[in-house]
Amino acid sequence: MPVIEVRDLHKRYGDHVAVHDVSFAVEEGEIFGILGPNGAGKTTTVECIEGLRTPDGGTIRVLGLDPQRDGDELRRAVGVQLQDSKLPERMTVGEAVALYASFHPDPADGDELLDRLGLAARRRTRFGALSGGQQQRLAIVLALIGRPRIAVLDELTTGLDPRSRRRTWELVEQIRAEGVTVLLVTHVMEEAERLCDRIALIDAGRVVAIDSPAGLVERVQAPQRIRFHPSEPIPDALLLALPEVTAVEQRDGRVEVSGTGDVLAAVTSTLARRRIVVAELRITQARLDDAFVALTGTTEEGTGA
Ligand code: ATP
C-alpha cells in the first residue's frame with residue numbers, strides 16, 4: 001500500500017487554478033521527487049499533503065490518514081521542512097531543537113542531528129544570528145527531530161554551499177536507509193538525479209510524467225555529443241558514413257560528433273582502425289535537465305518565472 005496517495009488533486013487561489021489535476025502514489029522507503037518549473041504547483045501540492053492547505057477537489061491519504069481530518073496524528077508521523085521557516089530571532093539553536101523535540105514522544109538525538117548537519121558549534125547561537133544556509137540546515141534538523149515515518153523536504157538545499165549540500169544529501173540517504181520515506185521538492189537537477197528513485201514532473205498544475213530519473217532522460221532522446229582532438233585530420237564523410245552519427249562539425253582541429261545509440265563505440269573503433277588517436281575526449285549525454293526542458297514549459301504558465 002502506498003504511504004502517500006494523491007488522487008485528482010485540484011486547488012484554486014481565487015480565479016487562478018494552481019493545481020488542475022495531480023495524481024501520484026509514493027511507496028514506503030522511496031525518495032520521491034516533485035520537479036517542475038516555477039509556479040507549477042509543487043509547493044501547493046505538498047502543502048495540501050501536509051494539511052496546511054485545503055484542496056478544492058480530489059483525495060489525499062498519508063499513511064491512511066486524511067490531512068484535513070487527522071491533522072494531529074499526521075503531524076506526529078510526518079516531518080516537514082517548511083520553505084522560509086522562521087523562528088523567534090532570540091531563540092537559540094539548542095532551544096529550538098529542545099522545543100521541537102518536546103512535541104514528540106520519542107524524539108531523535110538532537111545533538112547528533114546538529115552534528116550531522118554541521119551545526120554542532122552553533123547550539124548557543126540565536127536564530128537571528130545564523131546565516132541563511134545555517135537556518136536552512138536547522139529547518140532540516142527540526143523536520144527530522146520527531147523520527148518521522150515520512151519527511152517532506154521543500155527546496156532542501158537551496159542556498160547551501162557545495163559542502164553543506166553534499167552533507168545534506170548524505171543525510172537524506174541515511175534517513176532513507178533507516179526506513180524513512182522522503183518526499184522532495186527540488187529545482188536542483190543534480191539533487192533529483194542523485195537522490196530520487198522516482199520523480200513526478202509537474203507543469204502548470206498537471207503531472208506530465210512519473211518515472212525514474214533515467215527513465216525521464218530516456219524519453220527525450222536528446223542526441224549524445226562527443227568532442228575530441230584527433231591525432232591527424234579526418235574527413236567528415238568518414239564519420240558521417242556511420243549509421244549512429246547524425247552530424248559532424250570541425251573547428252580549430254577539434255571534432256564534434258552528434259549521434260544516437262552507441263555512437264561513442266562506433267566513432268572510436270573507426271578511428272582506431274585507422275590508427276588515429278583521440279585526445280581531450282569529452283562526452284555529453286542527455287541529462288535530467290534536457291528532459292525537464294523537453295517535457296515542461298509547453299504552456300504559458302509553465303514558462304513563467
Ligand atoms: P516555485 O518553484 O516557484 O516555488 P511551485 O511549483 O512551488 O513554484 P506554487 O507555489 O505551488 O508553485 O504556486 C502555484 C501557483 O499558485 C503560482 O502561480 C503561484 O503564484 C500561485 N499561488 C501560490 N500560492 C498562492 C496564494 N497563497 N495565493 C494566490 N496564488 C498563489
Side-chain angles (χ1 to χ4, degrees), residues 4-26 31-60 62 67-68 71 74 78-86 132-133 135-137 139-140 143 150-160 165 168-169 172 182-196 198-211 213 216 287-305:
I4 301 174
E5 202 166 11
V6 176
R7 221 177 304 145
D8 308 325
L9 179 65
H10 187 87
K11 174 71 188 168
R12 286 188 300 276
Y13 298 110
D15 290 343
H16 179 70
V17 180
V19 176
H20 284 267
D21 177 18
V22 164
S23 301
F24 60 85
V26 181
I31 302 181
F32 190 92
I34 299 192
L35 200 66
N38 292 126
K42 304 179 298 295
T43 297
T44 302
T45 300
V46 294
E47 286 180 349
C48 289
I49 292 170
E50 293 158 0
L52 297 175
R53 291 200 185 276
T54 309
D56 295 307
T59 50
I60 299 178
V62 181
Q68 289 303 308
L74 191 88
V78 180
V80 173
Q81 175 210 358
L82 296 169
Q83 250 188 11
D84 301 323
S85 45
K86 284 272 174 276
Q135 291 186 358
Q136 173 97 346
R137 282 181 275 149
I140 299 168
I150 299 174
V152 183
L153 307 171
D154 194 346
E155 303 294 343
L156 176 72
T157 58
T158 302
L160 297 191
R165 189 174 270 191
T168 308
W169 291 344
V172 171
V182 179
L183 184 64
L184 189 74
V185 179
T186 186
H187 274 122
V188 183
M189 299 294 148
E190 195 188 345
E191 178 167 294
E193 247 174 338
R194 168 166 170 174
L195 290 180
C196 295
R198 289 190 306 143
I199 292 169
L201 199 54
I202 295 186
D203 192 21
R206 298 179 204 274
V207 175
V208 292
I210 299 180
D211 211 331
L216 288 176
R287 297 190 65 87
L288 192 55
D289 43 0
D290 294 310
F292 181 97
V293 171
L295 298 171
T296 66
T298 50
T299 65
E300 209 179 304
E301 276 172 287
T303 54

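Reckoned from all heavy atoms, side chains included, excluding hydrogens, waters and symmetry mates. Only a predicted model underlies this, so the values are computations on that prediction, with no experimental measurement involved. Every number for a ligand or one of its atoms is a count from 1 in the order of the listing.
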Geometric N/O contact Thr44 with ligand 1, under 3.5 angstrom: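 N/O-N/O distance below 3.5 Å exists for this pair.
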Under 3.5 Å between any N/O of Glu155 and any N/O of ligand 1: does that happen in this structure?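 No, there is no polar N/O contact under 3.5 Å.
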Does the Glu191 side chain pair with the main chain of Glu155, one donor and one acceptor, at a distance under 3.5 Å? no
Is it the case that over 12 heavy atoms from other parts of the model lie below 6.0 angstrom from the CZ atom of Arg194?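 Above 12, so yes.
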Under a 4.0 angstrom heavy-atom cut-off, which atoms of ligand 1 come close to [X]?
{"X": "Ala18", "value": "14 (C), 15 (C), 16 (O)"}
{"X": "Ala40", "value": "5 (P), 6 (O), 12 (O)"}
{"X": "His187", "value": "2 (O)"}

Quick one: which of Asp8, Ile34, Thr45 gives a side chain to side chain contact (heavy atoms under 4.5 Å, CB included) with Val22?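 It is Thr45; the other options fail the test.
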Among Gly205, Gly39, Cys48, which one puts a heavy atom closest to atom 14 (C) of ligand 1?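 Among Gly205, Gly39, Cys48, the closest heavy atom to atom 14 (C) of ligand 1 belongs to Gly39.
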In the structure I gave you, are the side-chain heavy atoms of Phe32 and Leu184 within less than 4.5 Å of one another anywhere?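 Contact flag for Phe32/Leu184 side chains = no.
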Quick one, Ile210 and Ile199 - any side-chain contact, counting heavy atoms below 4.5 Å?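 Ile210 does not reach Ile199 side chain to side chain.
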Taking atom types as modelled, find out whether Thr43 and Asp154 have a side-chain donor-acceptor pair closer than 3.5 angstrom.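 Note: Thr43 and Asp154 side chains meet the donor-acceptor criterion.
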For Gly41, state whether at least one heavy atom is located under 4.0 Å from any atom of ligand 1. yes
